[in-house]
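The structure under discussion appears below in the form of structure tokens.
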Amino acid sequence: MFEWAYDGVNSSIPRNVGPECVSYLSPKRRILETAFVSVFIILFWIWGLKKITLPKRLPYINQDRVGRRVLLLIMSMVLGIEIGFKFTSRTMVYLLNPCHVTTAMQLFLLAAEPSPMVTSIFRMHLNLMNGPVLAFLFPETESRRIFPDKAIYYIQHGLMLVIPYYLLRIGGVYNIEPLSDLSWSILTYGFNLAYHFWILQLIALPTQVNLSHMLCPAILDPFESQNYRLYVFVHQGILCPLLCKLLCYSFDYLLTKCPLTKVKSSLEVALPRRKYKDESNKKIKVGNS
């Protein structure tokens, strides 16, 4: 019924699609691993929801800026082109990959009015930046047969790293928790695991498409074995929060400390919308007086 969404997946790429990839793990093994991880998913949700906090006196002012609208336009076009390529190649199932979901979250952040929900989604999506980083370190472009399709891959993942930097630069509703606070990281990792084990796996099995390597490991996976998904559960549980904190620390340095890029005193400060215009107006008034 839905063959049009996945029958264009390239079967010549090893461990990309097919019954051999599905049979890498036995059904019993998949059920046991899913049950084991599901226990941690529930625990992560319970612990994270109890610990997360939002600023109590955050001014939810309108932060509509030209740069925000430009990024929204560019990322919308990039995602639209990506969807077009997936339609023409009959590989729409790949739109379920985590990076596309994170891209949709970023489009929401760029378009939505300031609110506590925007702050929550912003903090959570920072813990998903392992996707674009790993996409550059271990690019998977073999299934993209034409150059524009491969170019969109790098443009999209590059923008995914630019957008959080720009939003933190704006500040206000786009703010982060203290670096020592792991509650948002743990909560987000619970959602990340649920998406992989409860959604991607259920779609990957009947379609036999190795979505986010839920069916079998990549050829170059250093942890390739029957336990590869448990190894991923552990090393991504370390990488996701570590990379999030590292990026936040780097953005903090660039925006508040580096002499060449400093724009404000702290990340919590909202960048004024008309800073330079206001200063010029003040100078004009002083000159007239």
**Candidate pair Ile52 and Leu187, rule side chain to side chain contact (heavy atoms under 4.5 Å, CB included), full reasoning** = CA-CA 8 Å; Ile52 60 172; Leu187 177 64; 4.0 Å; yes
**Message:** Is there a side chain to side chain contact (heavy atoms under 4.5 Å, CB included) between Glu177 and Thr53? Walk through the geometry before answering.
**Reply:** CA-CA 8 Å; Glu177 68 278 12; Thr53 58; over 6 Å; no
**Message:** I'd like to know whether Phe191 forms a ring-ring contact (aromatic ring centres under 6.0 Å, His included) with Tyr195, so could you lay out the CA-CA distance, the side-chain angles of the two residues, the decisive distance to 0.1 Å, and finally the verdict.
**Reply:** CA-CA 6 Å; Phe191 283 110; Tyr195 183 72; over 10 Å; no
**Asked** Going through the distances and angles, do Gln201 and Arg229 end up as a side chain to side chain contact (heavy atoms under 4.5 Å, CB included)?
**Response** CA-CA 12 Å; Gln201 181 174 218; Arg229 299 203 305 183; 2.8 Å; yes
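Residues Glu140 and His213 meet the side-chain proximity criterion, which asks for heavy atoms closer than 4.5 Å. Leu109 places none of its side-chain heavy atoms less than 4.5 Å from the side chain of Ile163. You'll find the side chain of Glu82 stays beyond 4.5 Å of the side chain of Tyr153, heavy atoms only. Residues Ile155 and Leu159 have side chains in contact (heavy-atom distance under 4.5 Å, counting atoms from C-beta outward).
For Pro148, the side chain to side chain contact (heavy atoms under 4.5 Å, CB included) criterion is met by Phe85, Ile146, not counting sequence neighbours. Under the rule for a side chain to side chain donor-acceptor pair (under 3.5 Å), the partners of Ser212 that lie at least two apart in sequence or sit in another chain are His196. Residues passing the side chain to side chain contact (heavy atoms under 4.5 Å, CB included) test with Lys51 are Trp47, Ser183, sequence neighbours excluded. With sequence neighbours excluded, the residues satisfying side chain to side chain contact (heavy atoms under 4.5 Å, CB included) with Ser12 are Asn10. Residues satisfying the side chain to side chain donor-acceptor pair (under 3.5 Å) test with Glu142, not counting sequence neighbours, are none.
Val234 and Phe36 fall within the same hydrophobic cluster, where Ile, Leu, Val, Met, Phe, Trp and Tyr residues are linked whenever their side-chain heavy atoms come under 4.5 Å apart, directly or through other members. Cluster annotation: Phe87 is connected to Leu95 through the hydrophobic network of ILVMFWY side chains, with a link wherever side-chain heavy atoms come within less than 4.5 Å. Follow the hydrophobic side-chain contacts under 4.5 Å out from Tyr6 and you reach Ile199 in the same cluster. Both Ile41 and Val101 are members of a single hydrophobic cluster when ILVMFWY side chains are connected at heavy-atom separations under 4.5 Å.
Of all heavy-atom pairs between Gln208 and Val22, the closest is CG-CG2, 3.7 Å. Closest non-hydrogen pair, Gly190 versus Trp45, comes out as C-NE1, 3.3 Å. Contact detail for Leu107 and Leu79: the closest heavy-atom pair is CD1-CD2, 3.6 Å. Contact detail for Asn175 and Leu168: the closest heavy-atom pair is CA-CD2, 4.3 Å. For Ser143 against Ile13, the heavy-atom pair with the smallest separation is N-CD1, 3.5 Å. Residues Ala204 and Leu215 approach most closely at O-CD1, 3.5 Å, considering heavy atoms.
Applying the ring-ring contact (aromatic ring centres under 6.0 Å, His included) test to pairs two or more places apart or on separate chains, those with a residue in residues 242-271 are Tyr165-Phe251. Pairs passing the salt bridge (Lys or Arg N to Asp or Glu O under 4.0 Å) check and including a residue from residues 184-197, sequence neighbours excluded, do not occur. Sorted by first and then second residue, the salt bridge (Lys or Arg N to Asp or Glu O under 4.0 Å) pairs involving residues 184-206 (not counting sequence neighbours) form an empty list. Pairs engaging residues 15-25 under the salt bridge (Lys or Arg N to Asp or Glu O under 4.0 Å) rule: Arg15-Glu224 [sequence neighbours left out]. Listed by first then second residue, pairs satisfying side chain to side chain donor-acceptor pair (under 3.5 Å) with a partner in residues 35-44 read Ser38-Trp198, not counting sequence neighbours. Residues in residues 92-125 take part in these ring-ring contact (aromatic ring centres under 6.0 Å, His included) pairs, two or more places apart or across chains: Phe122-His125, Phe122-Tyr174.
Note that the CG atom of Leu96 and the CG atom of Leu211 stand 6.5 Å from one another [nearest 0.5 Å]. Note: Leu71 CG to Tyr166 OH = 6.5 Å, rounded to the nearest 0.5 Å. Arg69 contributes atom CZ, which lies 12.0 Å from atom CG of Leu110 (distance to the nearest 0.5 angstrom). Atoms CG and CG, on Leu242 and Leu246 in that order, are 6.5 Å from each other to the nearest 0.5 Å. If you take CZ on Arg144 and OG1 on Thr91, they are separated by 8.0 Å, rounding to the nearest 0.5 Å. Between Asn210 atom CG and Leu200 atom CG the span is 10.5 Å, to the nearest 0.5 Å.
Of the possible donor and acceptor atoms, none in the side chain of Lys257 sits under 3.5 Å from a partner among the backbone N and O of Lys262.
Within 6.0 Å of NZ on Lys28 lie no more than 12 heavy atoms contributed by other residues, nucleotides or ligands. Within a 6.0 Å sphere centred on CZ of Arg29, other residues, nucleotides and ligands contribute more than 12 heavy atoms.
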Show me, pair by pair, the donor-acceptor contacts under 3.5 angstrom made by side chains of residues 126-137, not counting sequence neighbours?
residue : atom : partner : partner atom : Å
Asn127  : OD1  : Ser185  : OG           : 2.6
Asn127  : ND2  : Arg123  : O            : 3.0
Asn130  : ND2  : Gln236  : OE1          : 2.9

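A tilted orientation is assigned to the rings of Tyr231 and Phe223, their planes being inclined by 30° to 60°.
A side chain to side chain contact (heavy atoms under 4.5 Å, CB included) with Thr261 holds for exactly one of Leu254, Thr256, Leu255; it is Leu254.
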